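Below you'll find the structure, written out as structure tokens, and then a few comments.
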Amino acid sequence: MIEINKIRLNIEKYITSLKKRGIENIEDILKNLISLDDERKSLKTNLDNLLSEANKIAKEIGNKIKSDDKDIKELKNKSAEIKESSNILSEKLKNKELEIRDIIVNIPNTPDEKVPEGNSEDNNIEISSNEVAVDKKINLVPHWELIKDFNLIDFDNGNKITGAGFPIYTDKGAKLQRALINYFLDEAEKNGYTEIQPPILVNEDSGFGTGQLPDKEGMMYKIENENLFIIPTAEVPITNIYRKNIIDEDKLPIKNVAYTPCFRKEAGSWGAHVRGLNRLHQFDKVEIVQIENEKNSENALNEMCDYVESLIKSLEISYRKILLCAGDLGFASSITYDFEVFAPGQKRWLECSSVSNFKTYQSNRMNLKIKKNKDKVLAHTLNGSALALPRIVATILETHQNKNEIKIPDVLHRYTGFKQINL
RNA sequence: AGAGGAGUGGCAGAGUGGUCGAAUGCGGCGGUCUUGAAAACCGUUGUACCGCAAGGUACCGGGGGUUCGAAUCCCUCCUCCUCUGCCA
């Protein structure tokens, strides 16, 4: 959530920044917001004065009763009058606050200066890449064929017991996935992240805190009669641990990692090329989250990217790192680097990680502050996938396929217990 | 799930209609003393909003109500504890 007080200080900066996102009438929206806030302030001042007067009268009545002066009728009448007008004002103030909130909650985060302009993925900028050679002599096939041939995933029974997008990993497929999860968790721990196992269901406040609600309610599965949401990413429960917290600056950085399954409705995003593991309703992911102060958050973002990059590299697969343009940027993010891996069997790039700095956007929503001496300032929150499993599995299978076997990357051997998958 | 009890400042804990944003203790911060530290003593110590400021308003688990006035009374929801039941 952007901060009105900061908009007041430099509205031009906000206009320029949010225009990058393609919000054409942003100037009107922001100016309207400030004038609504002015109205709010004056309502608040008036209301406080009335309440102050009412408090005084109440005390006066109290004193009179105590001193056996029973002549309080006039004061009571006056109090009733004040109460009537304060009720009206209070209602107005509440409505004004709701009006402001409805607007501000729907304004996305301001893109960082580094974020390129543009409204399609063509405007994204490739930052770095690495290509892993594949055997040109064999006929490379997509992972959904390998999965069938090598008996690694059972989509049919997944369809039967749940529905499309809920695969069953079987035998070495399941082991490969479990190996990857353990490898990712261990590596994160080596890099200073404390492991946690959060709940998979979250309440509405949590969904609001990280920005999924109310903007993207449609992405999450909901348990209707409990008013709980099934997490689309571990970002939601992890970051919300720190909701309504004031953290001492010397406790920073806070670094957490968690493995969780993730659930996304993915409504309307099922095209012809979405096959196999490319897009699922349920998938596994290891997520890293950091909380930092303003001074260090840019540095933290770079560190997280470097970490993700090293992780992908260690799996011996081709990848590229991309800086998202403003139009491709998520609602709550200020700057995002995506990592895509190349799946040679289907000759497609697959996004496997998204590393973002939300700056104060989430912390303002969830009231997360950092205490530095006497000052309290909004924290910066960051997160990244390290990594999302299915597309990594798909890419490993497609990259390391051979005639009668699939080789497992060296770093995973001690986790899988096998070095290749045979027919 | 049923019955009973409870939720107060960083923690412990008092407060059952007015003088309570809230005693007291511990902790934290500043100071005196000391070569330094401890002890002792003195002072200070919640959050948000409005206001140039003085100051004001709101907040005692959340929401609503009664009253001139609510931490205190009523309703409702949530959480925790004890017992019973059920269950990985």
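Predicted model, so just to flag it, every value in this text is computed and none were measured. In what follows, chains are A, B, ... by sequence order, proteins preceding strands, each numbered from 1.
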Notebook entry, point to check: Quick one: what's the B/S/- string for nucleotides 50-64 of chain B, heavy-atom cutoff under 4.0 Å, read 5' to 3'?
Noted result: SS----BBS------
Which whole number of Å gives the distance between the [atom1] atom of [N] and that of [M]?
N     : M     : atom1 : value
B/C42 : B/A48 : C1'   : 32 Å
B/A12 : B/A3  : C1'   : 30 Å
B/G64 : B/C59 : C1'   : 16 Å
B/G10 : B/G62 : P     : 13 Å
B/U16 : B/C73 : P     : 9 Å
B/A53 : B/G69 : C1'   : 30 Å
B/A39 : B/G28 : P     : 9 Å
B/G63 : B/A71 : P     : 13 Å

Next item on the list: Would you check if there is a donor-acceptor pair between the side chains of A/Lys160 and A/Asn157 at a distance under 3.5 Å?
Entry: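 A/Asn157 vs A/Lys160: donor-acceptor pair found between side chains.
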Notebook entry, point to check: Do A/Glu217 and A/Gln212 have a side chain donor and acceptor closer than 3.5 Å?
Noted result: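 No, no side-chain donor-acceptor pair sits under 3.5 Å.
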Atom-to-atom span, [atom1] of [X] to [atom2] of [N] - whole angstrom:
X        : N     : atom1 : atom2 : value
A/Asp205 : B/C78 : CG    : C1'   : 12 Å
A/Asn87  : B/U67 : CG    : P     : 12 Å
A/Lys64  : B/U19 : NZ    : C1'   : 17 Å
A/Leu93  : B/A48 : CG    : P     : 18 Å
A/Ile61  : B/U19 : CD1   : P     : 13 Å
A/Ile4   : B/C49 : CD1   : C1'   : 13 Å
A/Arg101 : B/C49 : CZ    : P     : 15 Å
A/Glu3   : B/C49 : CD    : P     : 11 Å

Salt bridge [X]-[Y], side-chain N to carboxylate O under 4.0 Å:
X        : Y        : result
A/Arg8   : A/Asp37  : yes
A/Glu27  : A/Lys31  : yes
A/Lys190 : A/Glu187 : yes

[atom1]/[X]: more than 12 non-hydrogen atoms of other groups inside 6.0 Å:
X        : atom1 : value
A/Arg243 : CZ    : yes
A/Lys92  : NZ    : no
A/Glu117 : CD    : no

Next item on the list: Measure the CG-CD distance between A/Leu301 and A/Glu292 for me, rounded to the nearest 0.5 Å.
Entry: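 The CD atom of A/Glu292 is 11.5 Å from CG of A/Leu301, to the nearest 0.5 Å.
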Check: NA contact type, A/Lys78, heavy-atom cut-off 4.0 Å: base, sugar-phosphate, or nothing?
Finding: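 Counting heavy atoms under 4.0 Å across all strands, no contact is made by A/Lys78.
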Notebook entry, point to check: With a 4.0 Å cut-off on heavy atoms, is A/Lys369 in touch with a base, just the backbone sugar-phosphate, or nothing at all?
Noted result: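 Sugar-phosphate contact only - A/Lys369 comes under 4.0 Å of backbone atoms but never of a base.
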Check: Relative to the 5' end of RNA chain B, which residue comes earlier, A/Ala58 or A/Lys371, by the nucleotide with the nearest heavy atom?
Finding: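 The residue mapped nearer the 5' terminus is A/Ala58.
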Note to self: When you measure from the side-chain N and O atoms of A/Lys83 to the phosphate of B/G69, is any distance below 4.0 Å, counting only OP1 and OP2?
What the structure shows: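 Yes.
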Notebook entry, point to check: According to a strict under-4.0 Å criterion, is A/Lys376 in side-chain N/O contact with OP1 or OP2 of B/U47?
Noted result: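 Result: yes.
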Next item on the list: Measure the acute angle between the ring planes of A/Phe166 and A/Tyr221, then classify it against the limits of 30° and 60° as parallel, tilted or perpendicular.
Entry: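 If you compare the ring of A/Phe166 with that of A/Tyr221, the planes turn out tilted.
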Notebook entry, point to check: Is NZ or CZ of A/Arg391 both nearer than 6.0 Å to the six-membered ring centre of A/Tyr319 and within 45° of the ring axis?
Noted result: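 No, A/Arg391 does not lie over the aromatic ring of A/Tyr319.
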Check: If you write RNA chain B from 5' to 3' in dot-bracket form, with Watson-Crick or G-U pairs under 3.5 Å, [ ] for crossing pairs and | for pairs with another strand, what do you get?
Finding: ((((((((.[[[..)..(.....]]]((((((.......))))))(((((....))))).[[[[[..)....]]]]])))))))....
